[in-house]
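The structure appears right after this line, and notes come after that.
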Amino acid sequence: MFTVSSLTKSWTHLRVLDDVSLTGAEGTVTALVGPSGSGKSTLLRCLNGLETFDAGEITIAGHRLAAGPHAPGLLERLRRDVGMVFQQFNLFAHLSTVDNVALAPRVVLGLSAAESRARGLELLDRVGLRAFANARPATLSGGQQQRVAIARALAMRPRVMLFDEPTSALDPEMTAEVMGVIVELARAGQTMVVVTHDHGFARRAASRVVELAAGRVVRQGLAADVL
Ligand SMILES: Nc1ncnc2c1ncn2[C@@H]1O[C@H](COP(=O)(O)OP(=O)(O)OP(=O)(O)O)[C@@H](O)[C@H]1O
Ligand SMILES: [Mg+2]
């Protein structure tokens, strides 16, 4: 589903990704671990075109990203197939939760209002928040907001989901509910890459683990072997 080949990226003098290579098969979950500053977020952002890179190549969900500026239109196509969930959920504050989830299917995919709302409700149901469909995000807990953010990313039916420390802004009791949703997605065969500091979670949810240190892959393999 994705291949990263010899990816290299520098910020002025600092090489943040150095000859990074990894692959992820369809239906697998890859945990990306490593110390702060090792390049995990940068790698994830490269995978959905939020960052450019200096050398190497990425193929993901049938799209090819090369070094340097991305071709016009490529990112719009890529975003349909690659969903991303961030540490901060950044929901649209003025929209109800169901409208947050239904927005992209309506605007980007051209679904009717009824179709996109139906998809939104179905996804809220999947993350256990059907009863909060008409609530504004600010009235939800952090864990609930993050589950809405996951539903919103799923609304495009992405082939790959990327998560950047999806629970690190949450209290421990809310962490479990968000991780439960991610584990469910893994069971359903969703291809995912999850940046996490939580080795217990990685062991439970991930098939493969890639460990970065100072921009290089220092270990990768089956979760049971690496952790
Ligand atoms: N926009 C930027 N400009 C300059 N340097 C940057 C930029 N973004 C990241 N860096 C640097 O790149 C390196 C890798 O950062 P990155 O955010 O990818 O690390 P990380 O592994 O995600 O860390 P953390 O676990 O703290 O989230 C760090 O040294 C960081 O300071
Ligand atoms: Mg990070």
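Every number for a ligand or one of its atoms is a count from 1 in the order of the listing.
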Pick whichever of Ser41, Gly215, Ser10, Ala213 has a heavy atom sitting closest to atom 22 (O) of ligand 1.
-> Ser41
Residue selection (non-hydrogen contact nearest atom 20 (P) of ligand 1) among Ala214, Gly37, Cys46 | Gly37
For Glu165, is the nearest heavy atom under 4.0 Å from an atom of ligand 1?
-> yes
Leu14 N/O to ligand 1 N/O under 3.5 Å |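 No, there is no polar N/O contact under 3.5 Å.
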Is there at least one pair of N or O atoms, one from Gly34 and one from ligand 1, spaced under 3.5 Å apart?
-> no
Checking [X] side chain against [Y] main chain: does a donor-acceptor pair fall under 3.5 Å?
| X | Y | result |
| --- | --- | --- |
| Asp18 | Arg216 | no |
| Arg219 | Asp225 | no |
| Thr30 | Gly24 | no |

Any protein heavy atom < 4.0 Å from atom 11 (C) of ligand 1 = yes
Side-chain atoms of residues 58-73: list all donor-acceptor pairs with protein atoms under 3.5 Å, sequence neighbours left out, distances to 0.1 Å.
residue : atom : partner : partner atom : Å
His63   : NE2  : Asp81   : OD2          : 2.7
Arg64   : NE   : Glu57   : OE1          : 3.0
Arg64   : NH2  : Glu57   : OE1          : 3.0

Where's the contact between Thr42 and ligand 1, heavy-atom distance under 4.0 Å: side chain, backbone, both or neither?
->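 The part of Thr42 near ligand 1 is both the backbone and the side chain.
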Nearest atoms (heavy-atom pairs only) where Leu78 meets Gly49 |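 Nearest pair, atom of Leu78 first, then Gly49: CD2-N, 3.8 Å.
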Closest contact, heavy atoms only, Ala202 versus Ala31 =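 Nearest pair, atom of Ala202 first, then Ala31: CB-CB, 3.8 Å.
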Inspect the contact between Glu122 and Arg119 and indicate whether a charged nitrogen and a carboxylate oxygen are less than 4.0 angstrom apart.
->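 Judged by the 4.0 Å cut-off on N to carboxylate O distance, Arg119 and Glu122 do not form a salt bridge.
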Considering only non-hydrogen protein atoms, determine which one is nearest to [atom] and report residue, atom name and distance to 0.1 Å.
| atom | result |
| --- | --- |
| atom 25 (O) of ligand 1 | Lys40 NZ, 2.7 Å |
| atom 13 (C) of ligand 1 | Val16 CG1, 3.0 Å |
| atom 8 (N) of ligand 1 | Trp11 NE1, 3.4 Å |
| atom 26 (O) of ligand 1 | Ser36 OG, 2.5 Å |

Value for CG (Leu91) from CG (Asn100), rounded to nearest 0.5 Å, stands at 5.0 Å
Can you list the atoms of ligand 1 that are under 4.0 Å from a heavy atom of His197?
->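 Within the 4.0 Å cut-off of His197, ligand 1 contributes 25 (O).
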Hey, which atoms in ligand 1 end up nearer than 4.0 Å to a heavy atom of Pro35?
->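 Checking each atom against Pro35, I get 21 (O).
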Has Ser41 got an N, O or S atom lying less than 2.8 Å from the Mg ion (ligand 2)?
->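 Coordinating: yes.
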Single-linkage hydrophobic cluster, 4.5 Å side-chain cutoff, Val218 and Leu32 together =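 Result: no, two separate clusters.
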